[in-house]
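This chain uses plain numbering: 1 for the first residue, then up along the sequence.
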Amino acid sequence: MVTACEKKITYICTLKNGTIYMAKIKNIAIIAHVDHGKTTLVDKIMYHCKTFRENENTGDLILDNNDLERERGITITSKNVSVIYKDTKINVIDTPGHADFGGEVERVLNMADGVLLLVDAFEGPMPQTRFVLQKALDLGLKPCVVINKVDKENCTPEEVHEAVFDLMFELGAEEWQLDFPTVYGSAKNNWMSTDWKNPTDSLEPLLDMVIEHIPSHKTEEGTTQMLITSLDFSSFTGRIAIGRLQRGILKTGMNISLVKRDGKIVKSKIKELHVFEGVGRRKVEEVQTGDICALVGLEGFEIGDTVADFENPEGLQTIAIDEPTMSMLFTINDSPFFGKDGKFVTSRHIKDRLTKELEKNLALRVNPTDSADKFMVFGRGVLHLSVLIETMRREGYELQIGQPQVIIKEIDGVKCEPVEEMTIDLPESVSGKAIEMVTLRKGEMLSMEAKGDRMVCKFLIPSRGIIGLRNQLLTATAGEAIMSHRFTEYQPLKGGIPERQNGSLVSMEKGQAIPYSIDKLQDRGKFFVDPGEDIYEGQVIGENSRSDDMAVNVTKTKKLSNVRSSGADDKARIVPAIKFSLEEALEYIQKDEYVEVTPHHIRLRKIYLTEVERKRNKTN
């Protein structure tokens, strides 16, 4: 008796003269704004195509498989899976929704033949929808629109459909791209339909739309060509190159040429070939044109290189990635507590780790500085760089990070800064306060639209103005504001932007924080440390209620004497300490402060630890 799974494999591996042959392959990328339901949709497609056994408990958000993605509930790296539907192999590529991870979207769209554009039926097209759609249209990909979450209250699927058409027209889509098919449904509730008022009981309309409208890869005559768009690592086989075979064939043991980004040619050999099957990979002898495959055994390759013919190599156009807009200083941890938590603390460790990250994180740049233990790291935004820092910290690294700085460019003799389009979704009752905050930071309002009892406000704002804005907005709106932003262009400098109003409370002694001292100093500001926590001189332990920095001693214990007085032994009532997440800490610090990151702690500190040094450098 042949199981369904075996039938599937026998269909894929039809042997013809010892070669593997496949009837039809479709490669689709799922693109959307953050939280519009991409990863959930991929889950449901896999369940519908019976990728797993019935007794297999795989849970939700199967592709968000690393700890950081699960904790934050976001997709950070692009991943691909394959399913089989009606005798067609569909390679599905899941992409991140945040603008900070735009580099991931840009590189994987090169593997796709078409895109599924997912749009929320209530929110409609958002800033990141525009960004990812622009990239797909520029590459000449066929869009299919999925209007998701039609079960939401007050949703307007028809209006959203019109808005998507207007957006495509605005982005310069060609006529054949504007003639896009649409399905409506709810991925969470496992149904899609051509009419949102008539729910079905499965995702068939969506998959039928993919088979009917997404073109198969057009095979061209010529020698082998494959653009490396992604890489993986295995502790057994080393680095693995992933990409779509554009033309020609690839076989196990075949000699190939690697055409580098700069045009240099390196000879290499393929040891193993794998194709994607379900959430895993399967070893094969030969790969068919148009399929996405993984190559083991190549030496010294990078993303953007071309795997080409051994004798007549022809390179493909390499991947164009948008420039970074933000920089941070990474340096070794030289605080009095260095080496207590982490395994990797030297500048050599940090340099090696950043070099390794550059291989797969295309939107990242690392520049050396005049000091051997400091590195300038450039990225797409605070979230992009904080994910790297958080990953390093979990791997056992200790490091310190300076205040995020936007990259200022000189264009035609005028200093220009990056400007972003920002959308804020918040309750109508607090919209006035939010608009005031954004305007103070040189933001210009573009539009304001009521949706139910909420307002959606659009602004153009300098990237400098966004740093630290999220915390203030969440405080002002009792945590209800949803903020998203996308880089648009460089514009002339907008002038000064108000920084943090309050100064810091800085520890003047090394020791343990004593409850008695914290209690007596609570009138001076808010504290970031709990009683009993180890602190050192120069650590920022709180926020001053005034605008200047104040050195305080919270290691002082109560003097014990035999003199008694009424009211002297009151109970200490200590307000709980404010604890920052990594992004909040990076956005909070001033120019003269660092965030100290270790596997178990996030501390804020002054660059110069003693007060004498701080005063000396202030006058300089």
**Student:** Phe169: what forms a side-chain contact (heavy atoms from CB on, under 4.5 Å) with it, not counting sequence neighbours?
**Tutor:** Leu178
**Student:** Closer than 3.5 angstrom, by distance alone: can the side chain of Gln177 be matched with the main-chain N or O of Leu141 as a donor-acceptor pair?
**Tutor:**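 Answer holds: yes.
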**Student:** Check the pair Val595 / Leu604 against side-chain contact (heavy atoms from CB on, under 4.5 Å), numbers first and verdict last.
**Tutor:** CA-CA 5 Å; Val595 176; Leu604 309 185; 3.9 Å; yes
**Student:** Kindly indicate whether the side chain of Thr355, heavy atoms from C-beta on, has any atom under 4.5 Å from the side chain of Val366.
**Tutor:**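 No. Closest side-chain heavy atoms not under 4.5 Å.
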**Student:** Verify, without hydrogens or angle tests, whether Arg107 (side chain) and Thr229 (backbone) share a donor-acceptor contact under 3.5 angstrom.
**Tutor:** yes
**Student:** Using side-chain contact (heavy atoms from CB on, under 4.5 Å) as the criterion, list what pairs up with Glu359, not counting sequence neighbours.
**Tutor:**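 Listed in chain order: Leu231, Arg239.
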**Student:** Which heavy atom of Ser484 sits nearest a heavy atom of Met126, and at what distance?
**Tutor:**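 Closest approach of Ser484 to Met126, heavy atoms only: OG-CE, 4.2 Å.
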**Student:** Fit a plane to each ring of Phe580 and Tyr588, take the angle between them on a 0 to 90° scale, and name the class: parallel (under 30°), tilted (30 to 60°) or perpendicular (over 60°).
**Tutor:** tilted
**Student:** Judged by modelled atom types alone, do Thr488 and Glu421 share a side-chain donor-acceptor pair under 3.5 Å?
**Tutor:** no
**Student:** Would you check if Val146 and Met209 make a side-chain contact, meaning some heavy-atom pair closer than 4.5 Å?
**Tutor:**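 A side-chain contact under 4.5 Å exists here.
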**Student:** Holding to ring pair (Phe, Tyr, Trp, His ring centres under 6.0 Å), I want the full list of residues that pass it with Phe375, two or more places apart in sequence or in another chain.
**Tutor:**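 With sequence neighbours excluded, Phe375 shows a ring pair (Phe, Tyr, Trp, His ring centres under 6.0 Å) to no residue whatsoever.
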**Student:** Quick one: salt bridge (Lys or Arg N to Asp or Glu O under 4.0 Å) partners of Glu395, sequence neighbours excluded?
**Tutor:**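 By the salt bridge (Lys or Arg N to Asp or Glu O under 4.0 Å) rule, Glu395 matches Arg353.
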**Student:** Find out whether Asn148 and Leu41 are in side-chain contact, i.e. whether some heavy atom of one side chain is under 4.5 Å from a heavy atom of the other.
**Tutor:** no
**Student:** Is the number of heavy atoms from other residues, nucleotides or ligands under 6.0 Å of Lys579 NZ greater than 12?
**Tutor:**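 Counting neighbours around NZ of Lys579, more than 12 heavy atoms of other residues, nucleotides or ligands fall under 6.0 Å, so yes.
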**Student:** Just wondering, do Leu203 and Tyr47 contact through their side chains at under 4.5 Å, heavy atoms?
**Tutor:**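 No, too far: nothing below the 4.5 Å cut-off.
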**Student:** Quick check: are there more than 12 heavy atoms from other residues, nucleotides or ligands sitting under 6.0 Å from NZ of Lys374?
**Tutor:**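 No - once you tally the heavy atoms of other residues, nucleotides and ligands closer than 6.0 Å, there are 12 at most.
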**Student:** Are any side-chain N or O atoms of Lys142 and backbone N or O atoms of Trp176, one a donor and one an acceptor, separated by less than 3.5 Å?
**Tutor:** yes
**Student:** Can you give me the closest heavy-atom contact between Val377 and Leu364, atom names plus distance?
**Tutor:**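 That closest heavy-atom pairing would be CG1-CD1, 3.8 Å.
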**Student:** If only atom types and distance count, is the side chain of Ser386 paired as donor or acceptor with the main-chain N or O of Leu582 below 3.5 Å?
**Tutor:** no
**Student:** Quick one: does any side-chain atom of Asn27 pair with a main-chain N or O of Asp113 as donor and acceptor, under 3.5 Å?
**Tutor:** no
**Student:** According to ring pair (Phe, Tyr, Trp, His ring centres under 6.0 Å), who are the partners of Phe487, at least two apart in sequence or on a separate chain?
**Tutor:** Tyr490
**Student:** What residues form a side-chain contact (heavy atoms from CB on, under 4.5 Å) with Val108, not counting sequence neighbours?
**Tutor:**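 So Val108 forms a side-chain contact (heavy atoms from CB on, under 4.5 Å) with Ser78, Ile93, Thr95, Met111.
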**Student:** Would you say the side chain of Cys293 lies within less than 4.5 Å of the side chain of Met226, judging by non-hydrogen atoms?
**Tutor:** yes
**Student:** Is the CD atom of Gln491 crowded by more than 12 outside heavy atoms at less than 6.0 Å?
**Tutor:** yes
**Student:** Not counting sequence neighbours, which residues clear side-chain contact (heavy atoms from CB on, under 4.5 Å) with Ser429? List them please.
**Tutor:** Pro427
**Student:** With a 4.5 Å limit on heavy-atom distance, are the side chains of Arg393 and Ile602 in contact?
**Tutor:** yes
**Student:** Less than 3.5 Å apart, which donor and acceptor atoms pair up between the side chains of residues 454-474 and the rest of the protein, not counting sequence neighbours?
**Tutor:**
{"from": "Arg454", "atom 1": "NE", "to": "Asp425", "atom 2": "OD1", "distance (Å)": "2.8"}
{"from": "Arg454", "atom 1": "NH1", "to": "Glu480", "atom 2": "OE1", "distance (Å)": "3.2"}
{"from": "Arg454", "atom 1": "NH2", "to": "Asp425", "atom 2": "O", "distance (Å)": "3.1"}
{"from": "Arg454", "atom 1": "NH2", "to": "Glu480", "atom 2": "O", "distance (Å)": "2.8"}
{"from": "Ser463", "atom 1": "OG", "to": "Pro418", "atom 2": "O", "distance (Å)": "3.4"}
{"from": "Ser463", "atom 1": "OG", "to": "Glu420", "atom 2": "OE2", "distance (Å)": "2.8"}
{"from": "Arg464", "atom 1": "NE", "to": "Glu417", "atom 2": "OE1", "distance (Å)": "2.5"}
{"from": "Arg464", "atom 1": "NH1", "to": "Gly495", "atom 2": "O", "distance (Å)": "3.2"}
{"from": "Arg464", "atom 1": "NH2", "to": "Glu417", "atom 2": "OE1", "distance (Å)": "3.3"}
{"from": "Arg464", "atom 1": "NH2", "to": "Glu417", "atom 2": "OE2", "distance (Å)": "3.2"}
{"from": "Arg464", "atom 1": "NH2", "to": "Gly495", "atom 2": "O", "distance (Å)": "2.7"}

**Student:** May I have the list of side-chain donor-acceptor pairs in residues 401-414 shorter than 3.5 Å, sequence neighbours left out?
**Tutor:**
{"from": "Gln403", "atom 1": "OE1", "to": "Gln405", "atom 2": "NE2", "distance (Å)": "3.3"}
{"from": "Gln403", "atom 1": "NE2", "to": "Ile589", "atom 2": "O", "distance (Å)": "3.2"}

**Student:** Dump the intermediate steps for side-chain contact (heavy atoms from CB on, under 4.5 Å) on Asp120 and Lys152, then the final yes or no.
**Tutor:** CA-CA 9 Å; Asp120 186 304; Lys152 268 191 177 179; 2.9 Å; yes
**Student:** Give the intermediate values and the outcome of salt bridge (Lys or Arg N to Asp or Glu O under 4.0 Å) for residues Arg130 and Glu170.
**Tutor:** CA-CA 10 Å; Arg130 171 187 282 268; Glu170 194 185 319; 2.7 Å; yes
**Student:** Would the number of heavy atoms belonging to other residues, nucleotides or ligands and lying under 6.0 Å from CD of Gln317 be above 12?
**Tutor:** no
**Student:** Does a side-chain N-to-carboxylate-O contact under 4.0 Å join Lys188 and Asp151?
**Tutor:** no
**Student:** For Asp179, enumerate each residue passing the salt bridge (Lys or Arg N to Asp or Glu O under 4.0 Å) test, keeping only those at least two apart in sequence or located in another chain.
**Tutor:** none
**Student:** Between Lys135 and Val105, is there a donor-acceptor pair closer than 3.5 Å when you use the side chain of the first and the backbone of the second?
**Tutor:** no
**Student:** Step through it carefully: locate the ring centre of His161, locate the ring centre of Phe180, and say whether they are under 6.0 Å apart.
**Tutor:**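 Yes - the distance between ring centres of His161 and Phe180 falls below the 6.0 Å cut-off.
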**Student:** Leu329 versus Tyr594: any side-chain heavy-atom pair under 4.5 Å?
**Tutor:** yes
**Student:** Residues in salt bridge (Lys or Arg N to Asp or Glu O under 4.0 Å) with Glu444, at least two apart?
**Tutor:**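 In terms of salt bridge (Lys or Arg N to Asp or Glu O under 4.0 Å), with neighbours along the sequence ignored, Glu444 is linked to Lys494.
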**Student:** Does Arg261 reach the main-chain N or O of Ile303 with its side chain, forming a donor-acceptor pair under 3.5 Å?
**Tutor:** yes
**Student:** Okay, side chain of Lys360, backbone of Asp232: is any donor-acceptor separation there less than 3.5 Å?
**Tutor:** no
**Student:** Identify which one of Leu139, Thr129, Leu171 satisfies the side chain to side chain contact (heavy atoms under 4.5 Å, CB included) criterion when paired with Gln134.
**Tutor:**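 Going through the options one by one, the only one that passes is Leu171.
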**Student:** Is there a side chain to side chain donor-acceptor pair (under 3.5 Å) between Ser504 and Gln590 once you walk through the steps?
**Tutor:** CA-CA 9 Å; Ser504 304; Gln590 301 280 46; over 6 Å; no
**Student:** Quick one, Ile389 with Leu586, criterion side-chain contact (heavy atoms from CB on, under 4.5 Å). Give me CA distance, side-chain angles, the key distance, then yes/no.
**Tutor:** CA-CA 11 Å; Ile389 298 162; Leu586 290 169; 4.1 Å; yes
**Student:** Can you name the nearest heavy-atom pair linking Asp195 to Ser193, along with the distance?
**Tutor:** O-OG, 2.9 Å
**Student:** Apply side-chain contact (heavy atoms from CB on, under 4.5 Å) to His217 and Arg244, showing your working.
**Tutor:** CA-CA 10 Å; His217 179 70; Arg244 178 181 66 173; 3.8 Å; yes
**Student:** Can you give me the closest heavy-atom contact between Lys433 and Ala476, atom names plus distance?
**Tutor:** CG-CB, 3.9 Å
**Student:** Can you find a heavy atom in the side chain of Thr331 that is under 4.5 Å from one in the side chain of Thr369?
**Tutor:**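 A side-chain contact is absent here, since even the closest heavy-atom pair is not under 4.5 Å.
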**Student:** Taking all non-hydrogen atoms of both residues, which atom of Ser431 and which atom of Leu426 are closest, and how far apart?
**Tutor:**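 Minimum heavy-atom separation between Ser431 and Leu426: CA-CD1, 3.9 Å.
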**Student:** Check ring pair (Phe, Tyr, Trp, His ring centres under 6.0 Å) between Tyr397 and all other residues, then give those that pass, not counting sequence neighbours.
**Tutor:**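 Once residues adjacent in sequence are excluded, the partners of Tyr397 under the ring pair (Phe, Tyr, Trp, His ring centres under 6.0 Å) criterion are Phe344.
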